[in-house]
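Every chain is numbered from 1, with letters handed out A, B, ... down the list of sequences.
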Amino acid sequence: MVKNLIIVESPAKAKTIEGFLGKDFLVKSCYGHIRDLSKSDISIDLLNNYTPKYEVSADKKQIISELTKLAKEAEIVWLASDEDREGEAISWHLFETLKLKESNTRRIVFHEITKPAILKAIDSPRKIDQHLVDAQQARRILDRIVGYELSPVLWKKIKPSLSAGRVQSVSVRLLVEREREIINFNSESSYKIVANFDFVQNGKAYKLKAQLPKKFETKEKAEEFLNSCKQAEFKIGSVEKKPGKRTPSAPFTTSTLQQEASRKLGYSVSQTMVLAQKLYEAGKITYMRTDSVNLSQTALDSAKHQIDSQFGTKYHKSRQFTTKSKGAQEAHEAIRPTYFDQQTAGGDNQEKKLYELIWKRTLASQMADAELEKTVVKINISTNSEILEAQGEVIVFDGFLKVYIESTDDIVEEDDTSGLLPPVTAGMLLALKEMTATQRYTASPPRYTEASLVKKLEELGIGRPSTYAPTISTIQKRTYAVKEDREGIVRNYDLLTLKDSVLTSEIKTENTGAEKNKLFPTDIGIVVNDFLMEHFGNIMDFHFTAKVEKEFDEIAEGLQNWTKMIDSFYHPFHKDVERTLAESERANGVRLLGVDPKTGKNIYTRIGRYGALAQIGENDDEEKKFANLRQGQRLESLTFEEALELFKLPRTLAEFEGKDMVVGTGRFGPYIRHNNSFYSLAKTDDPLSVSEERGIEIILNKRKADAEKVISKFGGDPEIQVLNGRFGPYITKGKENFKIPKDMDAKLLTLAQCEAIIADEANKPKTVKKKKK
DNA sequence: CAGTGAGCGAGCTTCCGCTTGACTT
C-alpha cells in the first residue's frame, strides 16, 4: 500500500524518478497510449457527433489491470505524462480507464528529470486540460477518417491492401515529384577555368591555384579564352583579407540526429532510433523522441563545467536555441548526454559512435564561434580583362570546431579551395604552369535518402519524432518506395589544357548518376500518388497538415469545438470519396508507347496484377502478348524502343540433346531453359547474342558443379544426403538442411551419424515461422 | 525460382502517434 502513485509514459523515466523520491512514492509507467480506436473498423460514430469508440489495446490490458489495482489503494494518483497534446490525452485516458476520482487525482508536468524539477511539479498540480485532450481527439479522429476512408478507395480502384494517410501519402508525393524532376532534368554544361601557378619567394618554391569565377558556355569560347592567355603576363592585382566566423548548430532533435547519423555514420533512421533507445535505457542520453532544441539549466551548467575544464574558459559560450520547425510541441529536452563528463558510452561499437556524435554535438552547441580569416587573391591577365581568383580560408581560433563539424547533404564542388594560401603580395608576377578548361554539367536535384526525407517532412510540419522512422518503413512495406543503389552511367567531358603555350584537347570520361541507399518511388507508388492527386488534392496538399494543426491549436485554446471542426472537414471529404468511388476509372498507369512494326498493334505499358508490364495488342485481343519490365525499368520512363527489346526474349537458341535451349530473363536475371531445368547466364553473357556453343557450355558446367555437390549418398535413406553448399558441407533431408558440427568430417559421416544430427535438431525448440503476408 | 496478366466475389486489407519488449536471423 503506497501513499502516492505517479504514472509516467516511459519505464526508464519511471526508474530515474523513483530514485529521487522517498518511500511514499511509487512510480509506474503506462508505456504510452493505453487506449485507442478499435482497429477492426472506423470506430467513430459518424452520424452522432463523431463519438469515438475507444478500447484498451491488447498489449496494455495487463498494465492497466495492475495500475487500476495500485490506483485504488493509493491516496493520491499523480498523472505525469508529457506536457503535449498526446501526453494530455494519455492522462485523460488513464483517468477514464482506471476510473480515477477527481478528488485524489493530480495532473503534473515537468520539463527535466531532476529532483528539484519534480518536487516543483508536485508542488503545483493542475487538472486535466480538456481542451488539449479534445485537440488530440480531433487529430486522432481526422487521421482515422482519412486513413480508413481513403484506403478502401485504393483497394477498389487500384489493388487490395494498399493504404493512404495524411502523412504517408504526402511522403510518397515528395518522392514521386522529385523523381519526375530528375527524369525531366536537362543537364547543361559549361567550361570552368582553373590555373596553376609556380613562383619563388625568398628562395622558396610555392604553388598557387586560381580559378575564373565566370564559366564559358561553349567549347569555342573556352578555347578562345585559353588561346588569349598564351602570351599573357599574370600579375597579382590585390590581396584582400576578411575576417569571418562560424557558429555551431543547435543540439540534436530526433530529426537532426537521424540526418547526421545517416551522413556521418551511414545509419538508417530506424537503426539510429534503436541505438538511441538503448543509450536512453542505459541512462546515457536524454529522451530520443523530441522536437526540442532546448537544454535544461542543469545541462547548460554541466556543459560549461566540462568545456571550461577540458578546453579552457575561452572555448565556452552559453547558448539557448529556439525551435524553428512547424508544429513543434517541445515536451522534452534536446537529445543530449546525461553526464557531460562521460566522453564515451554505449554497449557496442555502433552505440558508442552514436553517443560520441551526441556528446560532441551537444558540447559544441555551448562552445565559442570559430574565427576565420578569408583571403581573396585577384590575378590580372595582361591580354584580356578577365580576373582569376584564388581563395583561402584559415582558422584563427577553432572554437567549437575543436569538437564538431556538421555534415551537409549538398554536393560540395571538389575544387573549392580552402586552407592556407602561399605568401603573395600585390604586384607579384606569376609563371603559368598550366591552365585548364573542364566541361562541367549541372546536376539534377538529389534523390531523397531516408534521412533527407525526414528533414523535408519536418520542414513541412508533417509527422512527429515518434513516427518518422515508422513512416519511412510503411511506405517501403506498401511497396510505394524502395531503398536501393543505382549504378551510374559513363559520360564524356572535354578537358582543354594550355601548357607551354600549346593548347591540347582531350575527351575524358566520368561516372555520373550513381546512387547509394536512396529512396525511389515504385510504379505502384507513382500510380497511387497520381490517383490521389487527381481525386484528393486537398489531402495531398503539402500544407494540409499545417492547416489542420492550426485548427487543433484553436481547439486546444478553447476557441473551437472539436466536433464542429471535424464536421466541416468530413462532409466535403466524404463527398469526394463517394464521387471517386462512383465516377473514377480503375487506375493502372497505362501509357501508349507506339505501334509494333511487326504486327501493327499498339504497344502499351501498365500495371498488371504482378507488377509493371508491356503489352502488344488490346486487352480484348486474343493474340495479345506480355513481357515484364526488367529490374530498374519504370512504367514512368519506359520507352518504345525498350518495350520492343523486352519482346525479343524468350528466344530459342538451338536444339541440344534433342530439346530446345530457350533464353529468357526472369526474377534472378537471364537464364537458359533446357529440358525443364534452368541455367543462369553469367554477368558477361548477353542474352540477346549468346551463342549455341556458349549455351551448351553453361549447361555442361552446371551439370558438373551439381555432380560435385553430392559428398555422400546413402542407399538406405535416399532422402538424406551430405552436400557441398555455398557455406561448406551440410546435411539435407527432404527440404530441410542441417549444420554439421565443427568437430566432424563431412566426408566420413555415416547415415547413423546424420540421423543423430537431424534428431538432435528436432529436439531443439521449434522456431515459429512468421506468417507470410 | 524462372508464372502470371480479365473480372467476378468470398473475406481480408487500412490511419497516426504514444511507448517497449518478445520474437527471429
Side-chain angles (χ1 to χ4, degrees), chain A residues 8-14 29-37 39-44 57 59-60 63 81-82 84-91 93 136 139-156 159-169 273-274 277-278 280-281 287-289 329 331 462-468 470-471 474 477-478 539 545 586 588 604 606-615 618-621 624-628 649-650 662-673 676-681 765 767-770 773:
Chain A
V8 296
E9 290 181 40
S10 145
K13 207 170 174 177
S29 140
C30 68
Y31 297 82
H33 275 298
I34 50 144
R35 250 189 358 175
D36 191 16
L37 300 170
K39 260 170 72 139
S40 53
D41 58 14
I42 197 161
S43 298
I44 300 163
S57 334
D59 54 337
K60 297 291 162 56
I63 185 77
S81 50
D82 297 344
D84 57 5
R85 197 165 66 202
E86 299 295 329
E88 201 67 19
I90 288 174
S91 279
H93 281 299
Q136 193 275 347
R139 198 281 304 156
R140 180 67 191 94
I141 280 156
L142 180 122
D143 281 336
R144 172 54 69 92
I145 289 174
V146 170
Y148 272 46
E149 291 219 353
L150 276 191
S151 300
V153 177
L154 300 181
W155 305 342
K156 290 198 186 75
K159 71 175 200 181
S161 302
L162 296 175
S163 66
R166 175 175 60 80
V167 174
Q168 59 169 284
S169 296
M273 294 314 284
V274 168
Q277 174 94 29
K278 286 196 183 134
Y280 168 67
E281 284 169 8
Y287 198 58
M288 64 281 150
R289 289 185 277 265
Q329 311 211 353
I462 298 171
R464 305 278 314 128
S466 67
T467 60
Y468 294 137
T471 299
T474 298
K477 240 190 249 159
R478 301 267 171 276
I539 306 293
T545 291
R586 269 190 84 84
N588 60 9
Y604 299 97
R606 65 176 172 87
I607 296 249
R609 205 143 40 116
Y610 306 98
L613 55 83
Q615 174 179 342
E618 308 303 317
N619 278 346
D620 52 13
D621 189 340
K624 61 182 183 282
K625 275 172 78 180
F626 298 106
N628 284 331
L649 291 176
V662 179
V663 184
T665 183
R667 237 178 348 137
F668 307 99
Y671 64 88
I672 296 175
R673 190 175 61 203
N676 285 330
S677 294
F678 291 87
Y679 305 88
S680 290
L681 294 190
T767 56
V768 187
K769 276 200 177 162
K770 267 194 189 159
K773 51 166 183 126

### Task
Respond yes when some side-chain nitrogen or oxygen of A/Tyr287 is under 4.0 Å from OP1 or OP2 of B/dC18, and no when none is.
no
### Message
On the nucleotide B/dG5, are OP1 or OP2 found under 4.0 Å from the side-chain N or O atoms that A/Gln615 carries?
### Response
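No, outside the criterion.
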### Message
For B/dT20, does the base pair up with any side-chain atom of A/Asp59 as donor and acceptor (N or O, under 3.5 Å, distance only)?
### Response
no
Could you tell me how far apart [X] ([atom1]) and [N] ([atom2]) are, to the nearest whole angstrom?
X	N	atom1	atom2	result
A/Met273	B/dT19	CE	C1'	12 Å
A/Arg289	B/dT19	CZ	P	5 Å
A/Arg586	B/dG7	CZ	P	7 Å
A/Glu281	B/dT20	CD	P	6 Å
A/Leu613	B/dT4	CG	P	13 Å
A/Lys60	B/dT19	NZ	P	10 Å
A/Tyr610	B/dA2	OH	C1'	15 Å
A/Tyr604	B/dA6	OH	P	15 Å

Holding to ring pair (Phe, Tyr, Trp, His ring centres under 6.0 Å), I want the full list of residues that pass it with [X], two or more places apart in sequence or in another chain.
X	result
A/Phe626	none
A/Tyr671	A/Phe678
A/Tyr679	none

### Query
Going from NZ on A/Lys13 to OG on A/Ser29, what distance comes out if it is rounded to the nearest 0.5 angstrom?
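OG of A/Ser29 is found 10.0 Å from NZ of A/Lys13.
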### Task
Identify all stems in which DNA chain B takes part, counting only runs of at least 3 consecutive pairs (Watson-Crick or G-U wobble, each distance under 3.5 Å), and give each as one range with another, ordered by first number.
none
### Query
Quick one: which of B/dA2, B/dT19, B/dG21 gets closest to the side chain of A/Glu9?
B/dT19
### Message
Holding to salt bridge (Lys or Arg N to Asp or Glu O under 4.0 Å), I want the full list of residues that pass it with A/Asp143, two or more places apart in sequence or in another chain.
### Response
A/Arg139, A/Arg166
### Message
Taking B/dG7 as the reference, what is the distance to B/dG3 when you measure between their P atoms (whole Å, please)?
### Response
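Between the two P atoms, the distance is 24 Å.
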### Message
Protein within reach of the bases, or only the backbone? For nucleotides 12-17 of chain B, mark each nucleotide 5' to 3' as B, S or -, using heavy atoms under 4.0 Å.
### Response
-BBBBB
### Query
Hey, which of these two, A/Ala612 or A/Pro670, hits DNA chain B nearer its 5' end, going by closest nucleotide?
A/Pro670
